[in-house]
Every structure is written in C-alpha cells, then in structure tokens.
Protein chains: 2
Amino acid sequence: MNDRPRPPPPLRATRLRLHTQHQPIALMRTDCHVGHAEGLAPRSQVLITSGGREVQALLYQIDGELLAPGQVALSEAAWQALALREGDNVMVRHSPMLPSLAGVRRRIHGQRLSAQDLDAIVRDVVDGRYTDVHLAAFLTATAALPLDADETFHLTRAMVDVGQRLQWPVPVVVDKHCVGGLPGNRTSPLVVAIAAANGLVMPKTSSRAITSPAGTADTMETLTRVELDTAELRRVVEAEGGCLVWGGAMSLSPADDYFVRIERELDIDTEGQLVASVLSKKVAAGATHVVIDIPIGPTAKVRSREAAQQLADRLSETAAHFGLALRCLFTDGKQPVGRGIGPALEAYDVLAVLQGAPDAPPDLRERAVLIAGAVLELGGAAAAGDGPRLASDTLADGRAWERFQRICTAQGGLRTPPRASHVEPLAAARHGRVTRIDNRKLSRLAKLAGAPESPAAGVSLHIRLGDTVVPGQPLLLLHAQSPGELAYALDYARAAGDIVWIE
Amino acid sequence: MNDRPRPPPPLRATRLRLHTQHQPIALMRTDCHVGHAEGLAPRSQVLITSGGREVQALLYQIDGELLAPGQVALSEAAWQALALREGDNVMVRHSPMLPSLAGVRRRIHGQRLSAQDLDAIVRDVVDGRYTDVHLAAFLTATAALPLDADETFHLTRAMVDVGQRLQWPVPVVVDKHCVGGLPGNRTSPLVVAIAAANGLVMPKTSSRAITSPAGTADTMETLTRVELDTAELRRVVEAEGGCLVWGGAMSLSPADDYFVRIERELDIDTEGQLVASVLSKKVAAGATHVVIDIPIGPTAKVRSREAAQQLADRLSETAAHFGLALRCLFTDGKQPVGRGIGPALEAYDVLAVLQGAPDAPPDLRERAVLIAGAVLELGGAAAAGDGPRLASDTLADGRAWERFQRICTAQGGLRTPPRASHVEPLAAARHGRVTRIDNRKLSRLAKLAGAPESPAAGVSLHIRLGDTVVPGQPLLLLHAQSPGELAYALDYARAAGDIVWIE
C-alpha cells in the first residue's frame, strides 16, 4: 500500500484565447479519462503542471466537439503562466489541500494571525492558489475584525517578501501617497516633477484605481507609457530623478493586485489592508522618506480628525518597523480637488497647473505645493518651513513642467489625453448656494460613466462649495465613451438624490 | 438629456455545453460591438435577457474564430435559466447595481441586518445576482460576527419565502435532523421507515453533504431515486406515509444551495447559518414536529454540552416563531456511527439494520431507536417513555424494512449500492487499546478518497473505542473509485498524524 499510484497521463494543451483577468481556467471534456480517473467535477480547483511550471486553475467541463479527446483548453492566464506552445503536454490533477486556509478559518472565528500564518497566506495568494471565495473570506474576516498592529506589520512584511524590492544607490529616496477617497486629488505628477526638479530621487510607482474612478497610474497612462519594467524604471530615474509608473508591472507587492481586485468587487477598503497595501509598495520601491496625504471630510475615505490620527498612528508605527521616515498631512477633504474626475479629465487639470494656465484649478496647485513642500523638507531639499515656497517657485518658473516633460519623454513620450465622445450636462434645478458635495456619489457617477476602464470618461465639476448658482446652470458634465455608459450614469444621477446640495 | 439611449442591439445566443455548476457564464468576442458599446471587460457581471427571462452571468472574452461576430456563447446554467434555442436573440448589458450589497458591507463592519436587509440579500442570492465574492463576504461576515436571534429568524423566514412551501392535509407532520459532524450517523432512513410504519406522516427531504463525506440524500441516492418533483413526492407520501428525497430538487429553501456551495469551499459551517438552513427546510417542507439529533464529542461539530445547549436554545427559539414543536436530543459524538463513512458504505449499514442482519452495527440501531422513539412520542404515536420500545419492535418484526422497501419502490425502485473498485487497508502500527478516534480526520480521509462525489468511495471503520488491536490489524479500509483518489487519501493518511489513537 505504500506505492503511490503513478501520476495521471498527460493531456495535450490547446490555447483557448480566453480573457479572464487573473483567473486561470481549464476546460476539459466531460468524458475525459483523466477527469474521470482523478474524480474531477465542474468547479474543481486543479493543479496544472508542465515543464517545471505550475498553475492552479478553475476547471469547467464541456460536451461536444470543441475539444478532441485527450485535450485540455486553457485561458490566457493559465497559458502564459505555463509558457506553453500548442499541443504541449500538461498534467492536470486535484489541487493539494491548502494548509494556509486553516489560518483564514481561524481568523474568521476571531483568532489573530501569526507572522507564519500571514506568510503562508500571502505566498499561496501570489501563487494563484486562492479562489475568489478564499480571497473574499480573508479580506472580509480582516475587515470584520480589523487587523491589529502586529498583523498589519506581518502582512506588510509578507507582501514585501513575495515581490521584487528595488535598491537605490542614494541615501534618501522620497515618495508620497494619498489615502484616497477624494476625487480628482491628482497631486502625484506635480509632486514628482517638483521634487525631481529640486534634485531629490522620487521613483514613484502608483496603483490603478481600487474603488475610485482613477488612480495615478490610470491618469498617467493617458499622458505616457506607465508599464515599465525594472530596468526601464531605473534608466528613467537615473536620468531624470523621478518617474511616474504603474507599480503592478514591477511586481512590487504582487499580492496587492489580488487583494485589490476583490476589494473592488466588494467595494470595501479597510485600514489594515490599506496600511499594508501602501507601505508594502513603498518599502518594496526602496523609499526612505514618505509623505502621506490624508484628506478629511464627511464623504472622504477618512471622515474625522480622530480617524485620521488613528490611521496616521498605524501608518507611522508600521513604517517604523521598516526604518521608514513618515510624515502625515491632514488635508481638507470636503470637496473634490480640481475639476476633472476620471483618468484623462484629471490629466488635463495636471497639465494646466504645470503649464501655469490661467484657468488651472487653484486648489490642485495649492495642495501640490503643500505636499511637495513637505516632501522637499522631509527629503532635506528645503529647510523646515521653507518647502512650500520652494515648491511654488518650482511650478511658477516652469522647472516642474520642464521636468515633467523630460520624465514622460524618458518613459516613452508625452501624449495628449483622449476626450470623451459623449458629454452631457447635469444642471441645477434651483437657485441657491452650493453647501455640500457628496464625494462618494460623484465617484460612483464617474465610475458608472466608465472611469477608469474608459480613460476619457468621468465627471468634470463646474462649481465649488460656496458658489451661487441659477436654475439650468450646469453643475457638472458627464463624460462617457459609449451611450450605454452615459445611460447608466444618467440613470444613477436621477436616482441617487442630491450629489450637489443647493440651499 | 432625459432620453435614455436605446438598449444595446441583440446578440445571437449559441450553446457552449459548458458545465460550471450554478455559475452562469457568457463568452463574448473581444471585438464584439455590444461589449464595446456597453464598456464590458473580462469578469464584468452582465445581465442577459431574452423573452421575458433574465440571468446574471460572469463575462469572459475570447479571441479567434470560436464565435462568429454578433454571437454570445452561454454555459448550461445560463442557457437553461433563459430557456433558449440556438440562435435566439439575447440582450447583454452591465448588471445593475445591487442595493442589497450595502447591507453586506454594513454587516462586515459590524452592523446588524434588518428583516428587509435579509429579504433583499436572499432574494438577490436566489436570483443569481451575487457573485462568489459577494456570497463569500456575506457568509464570512455572519461567521465572524455570528447572526443574533433576530437575524437568524429573519434569515430563516427570508429563505422560506423565496422557495416553495409544502402543505399537508394532516395536523401532524414529523421530521428529524442531525446537525452532523459525526461520520456515518445515517439514522434518517431508519427513522422514516419506523415512523411511517407506525402511521405518522414523515415527508423527509434531505440535503447532500455540506462539509461531510455523505448527506442522507447522497446515501439514499445509492438505494433509489431521490430527485423527485413535488407531485411525485406527494404521491409517495400519500401512499406510504414517508419519503426520503433530495430537498434541493424541490426548491424548498433554494437559497441554501447557494450558501452551502460556498460554505463547502470555505469549509465553514456556523450556528446561525446552520439554524436557518435546517429550519427553513423544515418549515418549507411543512413539518409541525421536529426532533433534532445533536451529537457531542471532542471532534464532532458540537464539542461540549454547553455548545449543544446554546444551539438547542437558538433552534427552539427560532422554531417557536414558526409554530414548530421541536425536541433536541444530545447524543454521544465521540466516534463514528456504524461502520461505513461515504454514501454507499453507509447505505449498506442501513440495510443491515433494517434486515436485522447478525453483523448489523448495533450502535446505529440503538441511535435510530432513540431518535425514532422521540419522533413517535412527539408525533403522538407512542406514549411518553414508550417510543424507543415501539421503535425497536418495528425494526425487530420487519415492519420497518417492509415500509422502507415500499418507499423506495414508490420513489422509483430499490437498487443495490455500488462497491468501490479500489480498496486498501490502513493497519495498526502497534499493539494497544483504541482510546480516541478523530471524526474530522476520518471525514477528510473519506472525502479525499472521493466521497460523496464518488458514491462507493469512503472509509469503513473496523474498530471501536475500547477495542484491543495487534500490529498489522486493519483499523479501517479506504474505498476509492479511482487510483488518483486512493492516492490522495493515502497521502493524507500518512501525513495527518493519528486518526485512530492506540495506547
């Protein structure tokens, strides 16, 4: 009884050219001899191996003649993970049990996770062993009973450990991050340009939107290439002192991509996950000095000064474990920043500030000056208290705009962001003063209009708090790249109640 | 701006013959004009409508010539929900936002759910609007912060409301349920035969296994047909006083199937969900008097008398809302019941007890007599204290066996359960006395051997607590229907540590 029966016979792989985002999928004939011998059923989680590579996939079964006997068809995610050619042999069998799931189950029932638990979970996640159900359970459990300080540190470290970690030959590497929730708050391109123009090294890697209508990477992608590999990023930073690239292409904290996809589907974003997500990327990117922008407002992600302080404490405490100098700025989160909400619309705001255009949104400029000032001070490029003035001068004299163009050119060329094909105004129904703007509803509206998947889509806001409006005056414009998306956004705008309060 | 753009043009449906369990899937060409106009991407959740029917599906995109332009391919779950014929027109667009998910998010963050919240969630679940991620989040949240009494009642009621509810023209309809966790505890077929032979009405609907190697429906399916529709069930019960069918075919508490599938993937099973699952099916099946068997043991689902009492209280309290008379029996859960663990192996134990075979497992007979006795008393067929004696007599004089055969015949004929093609013993490594048996590891072993998907697979146990064994003596036999499954079970048996303690 000690002879393990020999492994199942191989199947011939065929490429399905099926696009499923991250999800590897395998299709097997219902009458496949391997499926039968292995006891596989639809939705079995299977391990597929070929030439020393392996991937875990979700199995579906199919009748009819799409597949020949002995064939297994694979989605692109599986095909590429295994680096296959048509007709290659692959082995398909039950996925082994995942011991790390015992940790997830214990966590659901209120027990804390150890460093080892979190290492095992994160490793299995980046190896593609967790199904959507497993990922959702882990994230829900750590939202229901929030991650404590130890868990947050160990999760952050585990997320760093499974990815690439950049090293820089300078003692000071600055970075910044905004915890989000404030539509249009696109200061990063401005801060990088200002910091780099003043001699600091700022290799900025950004994420795409999680639950917002645009991330910095989405906005930058309308202006230049953002999917650079590590060698390209190094070349850009060595030449220009800064870059603005998508972090996901770099395999810095690759676990975060898995978590973000599920958080987006659930529309949840918790403190511990947020800290681990932000800091794992900063540590992996090799940052030494980081400024965090925490906007506070009734409809921002952080709603009170107390909550902001709690988040700042958790960020500082976790950063200290990694020797990271951290400064948190509490900023006004009562209304969106700039005019545009959506990748391209925000890019136009950034360009206007850089170019010193007369209609550049003054609030976006002010925030960029504030944050860049803190970065300049923390990084040692400005004396304490002198950062904002230096930042402002760097914008005013055109050095930031010049540096921004050089960075974009180094990344692959500066391009003109797209404009939406469908634009519709939402008009004021009455006369009065604008007293409140619901950031969350605005974000949802921009997302329903197609942002960030449709880069030109979103909302442009044409009023600010305190403005007086007359009936029929456009409060905002909806921008969409398809009539279907425009329709969803309009439906929502009609059903959602007040987005802009007029009293 | 008030004219909603017209709906997207229809696509021609083609049947993919893709088996995915419950999950409706749609495949669209990457260059599909509708996908483009609607802003659809891989993993978009889409609403597909045709001829007044609708289904929510997960969208994948495909390149190449599998689909002609203007075609959309559908999995069997989607095809059947829409009752399509090849080439029928269907409309595909973004799924509308799900307001009930706001309740799930609030629940994740610790707020209780109202009756209305739970109605909306359960309705969306049975309408197939929840993705696996949404289902996993709901179940995880209600495991992390357990459902309270009100939530449990409202969830139970909501689950009853979305399904069929049977009515019986008699004042007393008995039922029983075991909360599980004890392998081989297959008393239901015996209890139904005894109750029906004594004139009670017992329309037993059972589930398939959740996290165990066999449910009563899995075991009964090796003996007769269990997928009866309501009219057939009525006919069987009117003729024989009892039945033993799969509840899932009857659309009693259809939400439970969705929950069970995810609970199985997570391997979690919480008190509130358990109460709602059990009672929603009993109420929907029209039961008036129900006996609940709660086995207690260190490796059973319920580990202490206190936990059993808490569960019994929650069950009684919830049952009272529905006017259901409930009696809970606390039974010995220290070791498996009978010899077989797995659908067919348990069926052979049941047959042996019914037939009064000399080697029939005495512990299974005793438990059946205990539970059937309580059912007879609660249902008024025996005086208080006299139920067990009557139950025992009904087995001894062959009336239970006769009634069981008549019920199986009425359901479609009694058949012989299958035997496994691969059987391997696990032998004692040393001399000593059996002091402990790990029910959980035994269940896992039986599942790895292929139970319940492979009905003949599982484990047969050849020792009991207190037995003295000698080295080389078989403790149990592994039964599998494929060499692959036998191998997984053997691997686990070697790695899992003690399953049977010998001291």
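Protein chains get the first letters and strands the later ones, always in sequence-line order, with residue 1 at the start of each.
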Exercise. Do A/Q61 and B/L18 have side chains that get closer than 4.5 Å, going by heavy atoms?
Worked result: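 Not in contact.
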For this session: Please examine the side chains of A/L16 and B/I62, heavy atoms only from C-beta on, and report whether any two atoms are closer than 4.5 Å.
Result: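 Side chain of B/I62 against side chain of A/L16, heavy atoms only: contact under 4.5 Å found.
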Exercise. Just by modelled atom types, is the B/I268 backbone N or O under 3.5 Å from a matching donor or acceptor in the A/R105 side chain?
Worked result: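 Side chain of A/R105 to backbone of B/I268: no pair is present.
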Exercise. Would A/D267 and B/L101 count as a side chain to side chain contact (heavy atoms under 4.5 Å, CB included) if you check the C-alpha gap in whole Å, the side-chain angles of each, and the deciding distance to 0.1 Å?
Worked result: CA-CA 9 Å; A/D267 207 358; B/L101 283 177; over 6 Å; no
Problem set entry | B/K447 side, atom NZ; A/M97 side, atom CE - distance, nearest 0.5 Å |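 B/K447 NZ to A/M97 CE: 9.5 Å, rounded to 0.5 Å.
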So which heavy atom on [X] is nearest to which on [Y], and how close?
X	Y	answer
A/H19	B/D63	NE2-OD2, 2.6 Å
B/A143	A/H109	O-CD2, 4.2 Å
A/V133	B/A136	O-CB, 3.7 Å

For this session: Flag the one option from A/A480, A/P42, A/G450, A/G110 with the top tally of heavy-atom pairs under 4.5 Å to chain B.
Result: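 Heavy-atom pairs under 4.5 Å are most numerous for A/P42.
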For this session: Look at A/T270, A/T140, A/L58, A/I262 and state which one has the largest set of heavy-atom pairs under 4.5 Å with chain B.
Result: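 Between A/T270, A/T140, A/L58, A/I262, the count favours A/T140.
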Which atoms of [X] come close to chain A, meaning under 4.5 Å heavy atom to heavy atom: side chain ones, backbone ones, both, or neither?
X	answer
B/L135	neither
B/L478	neither
B/T30	side chain
B/F138	neither
B/H94	both
B/L27	side chain
B/E453	neither

Heavy-atom contact with chain B under 4.5 Å, split by part of [X]:
X	value
A/T20	both
A/R107	neither
A/L145	neither
A/L139	neither

Problem set entry | Verdict with supporting geometry, A/R43 and B/D132, side chain to side chain contact (heavy atoms under 4.5 Å, CB included) | CA-CA 12 Å; A/R43 293 183 65 93; B/D132 281 5; 2.4 Å; yes
Exercise. Taking only residues two or more places apart in sequence, or in another chain, which ones meet A/A41 in a side-chain contact (heavy atoms from CB on, under 4.5 Å)?
Worked result: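 Checked A/A41 against side-chain contact (heavy atoms from CB on, under 4.5 Å); matches are A/S44.
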Problem set entry | side chain to side chain contact (heavy atoms under 4.5 Å, CB included) between B/E265 and A/T131, worked out | CA-CA 9 Å; B/E265 189 164 335; A/T131 65; 2.6 Å; yes
Problem set entry | Test log, rule side chain to side chain contact (heavy atoms under 4.5 Å, CB included), inputs A/Y60 and B/Q21 | CA-CA 9 Å; A/Y60 294 133; B/Q21 283 193 355; over 6 Å; no
